[in-house]
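Data first, discussion second: the structure below is written as structure tokens.
Fair warning: this is a prediction, and the values are worked out from it, not measured in the lab. So you know, we letter chains A, B, ... as the sequences are listed, proteins then strands, and number each from 1.
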Number of protein chains: 2
Amino acid sequence: MAPHAHPTDPSDMPLGPRQRALLAVLQAADAELSGQELHERLKQASQRHGLATVYRNLRLLQRSGLVRCRKLTNGESVYAPLERDDHHLTCVSCGHSEPLPICPVATGGLGLTKVLLQGFKPLFHTFEIHGLCRSCQQSEPLAHG
Amino acid sequence: MAPHAHPTDPSDMPLGPRQRALLAVLQAADAELSGQELHERLKQASQRHGLATVYRNLRLLQRSGLVRCRKLTNGESVYAPLERDDHHLTCVSCGHSEPLPICPVATGGLGLTKVLLQGFKPLFHTFEIHGLCRSCQQSEPLAHG
DNA sequence: CCGTATGCTGAGAATGGTTCTCGTTTTAGC
DNA sequence: GCTAAAACGAGAACCATTCTCAGCATACGG
């Protein structure tokens, strides 16, 4: 299967200028960015976007299959371009989360050796597939949750 | 590899009665429970626990490797006993999340056929290993985030 | 070219799950 | 029974996110 089907089909969404700006910042970033950070960076780039707009467009980008999102233990959501296929090691105690350079789905099994874990003591893992459920594929992308 | 190493070693934590009650409710439940639901169920079982206590003990149980936690898109955290190895299909549009009876880690690759997805259109997946980082293994379980 | 409908925007308020505060209660040790 | 330490819990505080709604931009009809 193709894990990252090109999103050129969702609903022929043309991507507004604000959304392109958002995507550009995410692509330029070397790490996942939170909504607040994104808002901050746009402000610094003299691209004033309201916070509401940032979140709104982030949601649309997500539905268009261009952006992925993950929730940190502190409640913040962090975003990255879809093509970045990062996975993580997250501490249930301090919440620290660091990238894990292995994708068990892509590698077809796992090459998680003790070497990679480097002292990290795994307790459990979460695997989730995010996408569009059948009914949301039919409804307009404007429908709110 | 053993995906679910028995957690009988963490730090010889004896588990207080409140924690046992919490764990019992989770084990009796047929699905993941949020902190609020857990609080509610304990109240109904005439096990008055303050909400703060519920969350406090939930965190401790998590650090002891007895409980797993996952954040829904609406910000709620839901909990389940560690031994339950459920994974999910989550809609980025409506937030609906349903169990996915396949674990790509356990199956060593994936058996995600279109049949299983049943019309769900996958956009991206998240894989995360939760555990204790090196420094948190050394520090007391009481340390806060 | 102007008027109107539609949708996007953003400042600020509202929301709501989770965490913190801190006085009270329980437990452990003597 | 008495004191110290730990756990508890009611309510306040927190804070990322979402909602509200008036103002602005764009598209289209006349």
Query raised in the report: In Å, rounded to the nearest 0.5 Å, how long is the span from SG of B:C91 to NE2 of B:H96?
Result: 8.5 Å

Report summary line: With the side chain defined as heavy atoms from C-beta on, B:H49 is closest, among D:dG9, C:dT18, D:dT17, to D:dG9

Query raised in the report: Picking from C:dC20, C:dG17, C:dG10, which would you name as closest to the side chain of B:Y55?
Result: C:dG17

Query raised in the report: Does B:N57 make a side-chain N or O approach to OP1 or OP2 of D:dC8 shorter than 4.0 Å?
Result: yes

Query raised in the report: In whole Å, what is the span from the CD atom of A:E76 to the C1' atom of D:dT17?
Result: 11 Å

Query - Protein-nucleotide distance (A:R48, atom CZ; C:dG10, atom C1'), rounded to Å - result: 9 Å

Query - Integer-rounded Å distance: C:dG17 C1' and B:L33 CG - result: 15 Å

**Report entry** Touch class at under 4.0 angstrom, heavy-atom based, for A:S77 against every strand present
**Finding:** sugar-phosphate

Report summary line: Per atom distances to the A:R18 side chain, the nearest of D:dC8, C:dC20, C:dT9 is C:dT9

Query raised in the report: How long is the line joining CG of B:L58 and P of D:dA7, in whole Å?
Result: 16 Å

**Report entry** Atom of A:R68, atom of A:R84 and distance for their closest heavy-atom approach
**Finding:** NE-O, 3.0 Å

**Report entry** Ring-ring centroid check B:H125 A:H87, cutoff 6.0 Å
**Finding:** yes

Query raised in the report: Between C:dG10 atom P and A:H39 atom NE2, what is the distance in whole Å?
Result: 8 Å

Query raised in the report: Can you tell which of D:dC8, C:dT18, D:dA16 lies closest to the side chain of A:Q36?
Result: D:dA16

**Report entry** Whole angstrom value for the distance that separates P of C:dG10 from CG of A:L42
**Finding:** 10 Å

Query raised in the report: When rounded to the nearest 0.5 angstrom, what is the spacing between CZ in A:R63 and CG in A:L60?
Result: 6.5 Å

Requested in this report: Given salt bridge (charged side-chain N to carboxylate O under 4.0 Å, His left out), test B:R70 with B:E32 step by step and report yes or no.
Outcome: CA-CA 9 Å; B:R70 172 172 80 101; B:E32 298 165 296; 2.9 Å; yes

Report summary line: Separation of C:dG7 atom P from A:L15 atom CG, nearest Å, is 18 Å

Query - d(CG, B:L51; P, C:dG16) in whole Å - result: 15 Å

Query raised in the report: Taking the side chain of A:R56 as its heavy atoms from C-beta onward, which of C:dT9, D:dC19, D:dG9 lies nearest to it?
Result: C:dT9

